[in-house]
Amino acid sequence: TSDIAWIISHNEVLFSHILPEIQASFKDLKQFLSLLLGGLLFRWSAYADLKAINRYQHYLKQQSIEQQELQRETWLKAAEQGKTELEQKLNHKE
């Protein structure tokens, strides 16, 4: 029984020395995982921001194309109307 008592007391001493190291390792692991998770969330957020920027740029480009088409149609209508008025004036003079 004295051997068992010695083993138990030796393990308690050993464990009391190792416990702070284990706790420090878990603290380091927790900090590492926190940093890793933070980094992953930052990357995901940055990726989501880039996608949103690309969508907005596409939207602006599409709006610009539609605006140019509208301006072109307006110009063509005005040109057609001017042509029609000019033809009417020329026909009226004849």
Side-chain angles (χ1 to χ4, degrees):
T1 48
S2 66
D3 289 339
I4 294 173
W6 180 85
I7 291 171
I8 291 172
S9 68
H10 183 70
N11 283 340
E12 287 175 354
V13 170
L14 182 63
F15 186 71
S16 69
H17 290 295
I18 293 174
L19 183 61
E21 292 180 25
I22 292 172
Q23 289 172 333
S25 294
F26 278 124
K27 183 179 178 185
D28 291 344
L29 179 62
K30 183 179 175 185
Q31 288 175 343
F32 171 75
L33 291 175
S34 295
L35 290 173
L36 181 64
L37 180 61
L40 290 174
L41 289 175
F42 175 78
R43 279 198 166 187
W44 178 83
S45 176
Y47 178 72
D49 289 346
L50 285 175
K51 286 184 72 171
I53 289 168
N54 286 337
R55 282 194 307 271
Y56 186 64
Q57 286 176 335
H58 179 72
Y59 166 78
L60 290 178
K61 185 177 180 179
Q62 189 62 35
Q63 288 295 101
S64 176
I65 290 169
E66 290 173 4
Q67 184 65 29
Q68 289 173 0
E69 288 175 358
L70 183 61
Q71 289 173 350
R72 182 176 175 268
E73 288 174 11
T74 303
W75 183 86
L76 287 174
K77 285 179 184 176
E80 189 64 35
Q81 183 178 354
K83 178 184 170 187
T84 303
E85 290 174 3
L86 184 58
E87 286 174 346
Q88 288 174 352
K89 287 181 182 178
L90 288 174
N91 288 337
H92 181 68
K93 286 187 178 181
E94 294 177 358

Item to complete: Treat each ILVMFWY residue as a node, draw an edge where side-chain heavy atoms are under 4.5 Å apart, and state whether L29 and L40 are in one component.
Response: yes
Discussion item. Tell me if a side-chain donor or acceptor on S64 pairs with a main-chain N or O of L60 at a distance below 3.5 Å.
Written reply: no
Worksheet item: Looking only at atom types and distance, does a side-chain atom of S34 sit under 3.5 Å from a main-chain N or O of K30, one as donor and one as acceptor?
Response: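 Between the backbone of K30 and the side chain of S34 there is a qualifying donor-acceptor contact (under 3.5 Å).
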For the atom pair [atom1] ([X]) and [atom2] ([Y]), what is the distance rounded to the nearest 0.5 Å?
X: F32; Y: L37; atom1: CZ; atom2: CG; value: 11.5 Å
X: I65; Y: L70; atom1: CD1; atom2: CG; value: 13.5 Å
X: F26; Y: L33; atom1: CZ; atom2: CG; value: 11.0 Å

Practice prompt. Report the C-alpha separation of Q88 and N91 in whole Å, then their side-chain angles, then the decisive distance to 0.1 Å, and conclude whether the side-chain contact (heavy atoms from CB on, under 4.5 Å) test is met.
Written response: CA-CA 5 Å; Q88 288 174 352; N91 288 337; 5.8 Å; no
Fill in: Donor-acceptor pair between E85 and Q81 side chains, under 3.5 angstrom
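Yes, side-chain donor-acceptor contact under 3.5 Å.
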Does any non-hydrogen side-chain atom of [Y] lie less than 4.5 Å from one of [X]?
X: N54; Y: H58; answer: no
X: Q71; Y: W75; answer: no
X: Q31; Y: K27; answer: yes

